[in-house]
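Accompanying notes for the structure given below.
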2 protein chains.
Amino acid sequence: MSAHPHPGPAFAQHNHAHCAHDALTRAEAITKEAGVRLTPVRRRVLEILLEEHKALGAYDVLARLAAEGFGNQPPVAYRALEFLVEHGLAHRIQRLNAFTACTHIGQAHAPAFLICRSCATVAEAEAAPARAALEQSAAALGFAIERTTIEALGLCPACRGAT
Amino acid sequence: MSAHPHPGPAFAQHNHAHCAHDALTRAEAITKEAGVRLTPVRRRVLEILLEEHKALGAYDVLARLAAEGFGNQPPVAYRALEFLVEHGLAHRIQRLNAFTACTHIGQAHAPAFLICRSCATVAEAEAAPARAALEQSAAALGFAIERTTIEALGLCPACRGAT
DNA sequence: CTTGACCTGTTATGATATTACATACATAGA
DNA sequence: TCTATGTATGTAATATCATAACAGGTCAAG
């Protein structure tokens, strides 16, 4: 169990170095637990995503990897990203065709994403109530939901303040 | 006002010819009202989308158009689709990079999409409660939502029944 | 019947993503 | 230790999705 069960949102001021380091530590625990390998490329991709609370395209990640001596073909990035998403270490933002590090690694969560259209920061919000509401609507139609994508575009607190 | 303010979901049995014809009639009213033109390409694209309650990729639509003598370059399809989305006659399904005809043309609505992973049918569900719940979560973080995308993947009633 | 706005078409290119296959690495069992 | 096996990485080639820029056509207001 962690001492930080509810880390603040990406919008809030925080010690980002600690936030990123903590995420990596958790990622190592998670992967070890699952019996899968957090290889150098995978780990590096997670680190890259953790540098900022933004979503990065696969090709952005790829460029970074290539510059550091990893392979420079798309599958290198896509495979690492897929691995991270599959193990809950990162999320795919459909609206942006991009990826962002999970800010709640190791915690059961079903996030909604809040995407600032001004600064591109992506935060995870609690989506359980929204999902429950949707579940209701769907059930009324006889539809069995398996996976839900909830993404909102708008303005983060900082960008609302700025003119 | 229509005699069918609450058409059934795409999953329900319905007279599809009537459903599609009705949608076109409404589309004509909407565009006339807005002072924009439902030109042949645009109208034809809407008809194509209305043929089934599925999402079609821009290039699928384009192929149909080209076969019918319209232009065969991507912008032809993208522009018509953009027009339809802009005027609420169709929706973009982010998850599929595809488009589907709106089943509630002319009604104020903020839909969630239910996508059957088996038969690919797309239905619109009521998303107002889910949006309200999300609005709550977002407000707590100081985030001002402008647009929300809600898409669920799962099994439609028919495909649940089938083994 | 001209003008201006908008629509359609085309070329070209950019951005995102996957398939297929070859090579290298880790590790468990002989 | 050796080697077989599964898994990971690297590369080439290609598929899929999307937009920019510009030329020509259509239509309706003046």
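Numbered from 1 within each chain, the chains take letters A, B, ... in sequence-line order. Note that the coordinates shown come from a computational prediction; the quantities given were computed from them, not determined experimentally.
When rounded to the nearest whole Å, the span between CD of Gln73(A) and P of dT14(D) equals 13 Å. One atom, OH of Tyr78(A), and another, C1' of dA15(D), lie 12 Å apart when rounded to the nearest Å.
Exactly one residue among Gln94(B), Arg95(B), Glu151(B) makes a side chain to side chain donor-acceptor pair (under 3.5 Å) with Thr149(A). That residue is Arg95(B). In summary, of the residues considered (Leu24(A), Ile30(A), Leu50(A)), a side-chain contact (heavy atoms from CB on, under 4.5 Å) with Leu89(A) occurs for Ile30(A) alone.
His16(B) and His18(B) share no donor-acceptor pair across their side chains, judged by distance under 3.5 Å alone.
A salt bridge does not link Arg79(A) to Glu82(A): none of the charged side-chain nitrogens sits closer than 4.0 Å to a carboxylate oxygen. Between Asp60(A) and Arg64(A) there is no salt bridge, since no side-chain N of the basic residue sits under 4.0 Å from a carboxylate O of the acidic one.
When atom types are taken as modelled, the side chain of Arg131(B) and the backbone of Ala110(B) share a donor-acceptor pair closer than 3.5 angstrom. With Arg26(A) contributing its side chain and Ile105(A) its backbone, the two residues share a donor-acceptor pair below 3.5 Å.
Within 6.0 Å of CD in Gln136(B) there are 12 or fewer heavy atoms belonging to other residues, nucleotides or ligands. Surrounding CD of Glu68(B) are more than 12 heavy atoms belonging to other residues, nucleotides or ligands, all under 6.0 Å away.
Annotation: side chain of Arg44(B) is in contact with side chain of Leu65(B) (closest heavy-atom distance under 4.5 Å).
Both Asn72(B) and Val36(B) lie near DNA chain C, and the one whose nearest nucleotide falls closer to the 5' end is Val36(B). Sequence order on DNA chain D of the closest nucleotides to Phe83(A) and Pro74(A) puts Phe83(A) first from the 5' end.
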Kindly give the atom pairs (protein nitrogen or oxygen, nucleotide nitrogen or oxygen) under 3.5 Å for nucleotides 22-24 of chain D.
none

Legend entry - Base versus backbone protein contacts along nucleotides 25-30 of chain D [heavy-atom cut-off under 4.0 Å; B, S, -]: --S---
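Side-chain rings of His109(B) and His91(B) approach one another, their centers coming within less than 6.0 Å.
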Inset, instruction - Evaluate the side chain to side chain donor-acceptor pair (under 3.5 Å) criterion for residues His53(B) and His14(B): first the C-alpha distance (whole Å), next the side-chain angles of each, then the deciding distance (0.1 Å), finally the verdict. - result: CA-CA 11 Å; His53(B) 291 296; His14(B) 62 287; 3.0 Å; yes
Legend entry - side chain to side chain contact (heavy atoms under 4.5 Å, CB included) evaluation trace for Val36(B) with Glu86(B): CA-CA 11 Å; Val36(B) 295; Glu86(B) 188 175 339; over 6 Å; no
Inset, instruction - Decide side chain to side chain contact (heavy atoms under 4.5 Å, CB included) for Thr100(A) and Leu49(A); before the verdict, give the C-alpha distance in whole Å, the side-chain angles of both, and the deciding distance to 0.1 Å. - result: CA-CA 6 Å; Thr100(A) 190; Leu49(A) 293 182; 5.9 Å; no
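Using a 4.0 Å cutoff on non-hydrogen atoms, the parts of residues 91-101 of chain A near DNA chain C are Arg92(A), Asn97(A), ordered by number. Non-hydrogen atoms lying under 4.0 Å from DNA chain D are contributed by nothing in residues 49-69 of chain A.
Considering every non-hydrogen atom in both Phe11(B) and Leu141(A), the closest pair reads CD1-O, 4.1 Å. Taking every heavy atom of both residues into account, Arg37(A) and Phe83(A) meet most closely at O-CZ, 3.5 Å. The minimum heavy-atom distance between Pro111(B) and Glu124(B), with the atom names listed, is CB-OE1, 3.6 Å.
In 5' to 3' order, the nucleotides of DNA chain C bounding all contacts with chain A (an atom under 4.0 Å from a heavy atom) are dT16(C) to dA26(C).
Comparing the start and finish of the helix from dC1(C)-dG30(D) to dA30(C)-dT1(D), five pairs each, the helix axis swings through 20°, to the nearest 10 degrees.
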